[in-house]
Amino acid sequence: EAGVTQFPSHSVIEKGQTVTLRCDPISGHDNLYWYRRVMGKEIKFLLHFVKESKQDESGMPNNRFLAERTGGTYSTLKVQPAELEDSGVYFCASSQVRGGYGYTFGSGTRLTVV
Amino acid sequence: GENVEQHPSTLSVQEGDSAVIKCTYSDSASNYFPWYKQELGKGPQLIIDIRSNVGEKKDQRIAVTLNKTAKHFSLHITETQPEDSAVYFCAATDQTGANNLFFGTGTRLTVIP
């Protein structure tokens, strides 16, 4: 079974630029989550998709962040325009059921905004 | 939402010794507490979990204990090996929202050969 795939693995962009992160969940997993870890901090929840619908986006920092999951398959997270404080590692996870069970994480995208 | 605190932030032990990582949570209704291990260049991977109707769970060299009254849970690794070196995260579900996972700040464990 293929795992959760994220790309790019690393991205360095200048402040004000746009970056799009992609996540391919495990096939058949309806639940897809985005998390972010800023250095030394917790892995912080951003949002949760059930299929193509946003179930909970209470963790999204502000309107510079836009997540989509067209067709209920892969998901993208766009940051536009990027700010220095957006730097961190962005993780995607997927699961078959809700409730925190059975999360499989991708390897993450390390975003550096300079 | 749920607030999870984790200590210590770093932990160094000699190979063969035990390691203990502790977490507290704020939502008394939380009922699921997983532990994740993140190795360099990889994403977090579930290593053990416990539900609120159980006080302790063990899987070979790792065990987790849960004290619901005090709202804290701990990870215990015995007979540590160099390959146990990684960052460990505790987590708890948020019962006030959509049951998503909320994580602690992580513990970097170093096992010294």
Side-chain angles (χ1 to χ4, degrees), chain A residues 1-10 21 23-26 29-51 53-60 67 88-110, chain B residues 1-11 21 23-27 29-54 57 64 66 73 86-108:
Chain A
E1 176 183 76
V4 176
T5 304
Q6 291 186 247
F7 50 92
S9 57
H10 294 81
L21 314 181
C23 169
D24 286 69
I26 291 174
H29 281 193
D30 288 342
N31 296 279
L32 186 150
Y33 312 84
W34 283 98
Y35 282 83
R36 176 176 72 177
R37 187 181 190 219
V38 174
M39 188 181 299
K41 305 284 189 180
E42 76 273 25
I43 301 175
K44 189 173 181 182
F45 169 78
L46 297 179
L47 88 160
H48 170 205
F49 282 100
V50 177
K51 297 185 179 179
S53 299
K54 292 177 184 175
Q55 184 70 30
D56 181 356
E57 51 183 333
S58 60
M60 294 288 265
V89 181
Y90 289 76
F91 290 106
C92 173
S94 71
S95 67
Q96 282 187 313
V97 298
R98 297 174 55 180
Y101 311 115
Y103 280 29
T104 299
F105 278 86
S107 297
T109 294
R110 180 175 296 277
Chain B
E2 176 69 274
N3 182 44
V4 178
E5 295 190 359
Q6 182 172 350
H7 300 281
S9 57
T10 60
L11 179 61
I21 302 170
C23 290
T24 61
Y25 60 97
S26 61
D27 185 353
S30 290
N31 60 8
Y32 177 64
F33 307 90
W35 285 87
Y36 285 80
K37 175 184 181 182
Q38 185 186 6
E39 297 176 293
L40 194 63
K42 299 182 180 180
Q45 183 176 18
L46 178 69
I47 56 171
I48 194 168
D49 57 14
I50 191 167
R51 304 193 185 203
S52 60
N53 59 347
V54 175
K57 182 177 179 181
V64 57
L66 171 64
F73 56 114
V87 180
Y88 291 81
F89 293 93
C90 61
T93 51
D94 177 6
Q95 297 300 309
T96 62
N99 304 128
N100 295 316
L101 280 181
F102 285 75
F103 287 83
T105 50
T107 296
R108 180 174 296 279

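The sequence lines fix the lettering, A, B, ..., with proteins before strands; numbering per chain opens at 1. All values reported here derive from a predicted model rather than from experimental measurement.
When the candidates Ser9(B), Gly104(B), Ala92(B), Ala91(B) are compared by the number of heavy-atom contacts under 4.5 Å with chain A, Gly104(B) comes out ahead.
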Scan the side chains in residues 34-49 of chain B for donor-acceptor partners under 3.5 Å anywhere in the protein, sequence neighbours excluded, and list what turns up.
{"from": "Lys37(B)", "atom 1": "NZ", "to": "Glu83(B)", "atom 2": "O", "distance (Å)": "2.9"}
{"from": "Gln38(B)", "atom 1": "NE2", "to": "Lys42(B)", "atom 2": "O", "distance (Å)": "3.0"}
{"from": "Asp49(B)", "atom 1": "OD1", "to": "Lys57(B)", "atom 2": "NZ", "distance (Å)": "2.8"}
{"from": "Asp49(B)", "atom 1": "OD2", "to": "Tyr32(B)", "atom 2": "OH", "distance (Å)": "2.7"}

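Relative ring orientation between Tyr35(A) and Phe103(B) is described as perpendicular, the plane-to-plane angle rising above 60° on a 0-90° scale split at 30° and 60°.
Closest approach of Phe45(A) and Leu101(B) over heavy atoms only: CB-O, 4.3 Å.
In this structure, Arg51(B) forms a cation-pi arrangement with Tyr101(A), its terminal cationic atom sitting closer than 6.0 Å to the ring centre and no more than 45° off the ring axis.
Of the possible polar contacts, one joining the Arg37(A) side chain to the Thr105(B) backbone as a donor-acceptor pair under 3.5 Å is found.
More than 12 non-hydrogen atoms from other residues, nucleotides or ligands lie less than 6.0 angstrom from NZ of Lys54(A).
In this structure, CG in Asn100(B) is found 7.5 Å from CZ in Arg98(A), a value given to the nearest 0.5 Å.
For Tyr33(A), the part sitting under 4.5 Å from any heavy atom of chain B is the side chain, from C-beta outward, and nothing else.
Under the ring pair (Phe, Tyr, Trp, His ring centres under 6.0 Å) criterion, Phe49(A) pairs with no residue, sequence neighbours left out.
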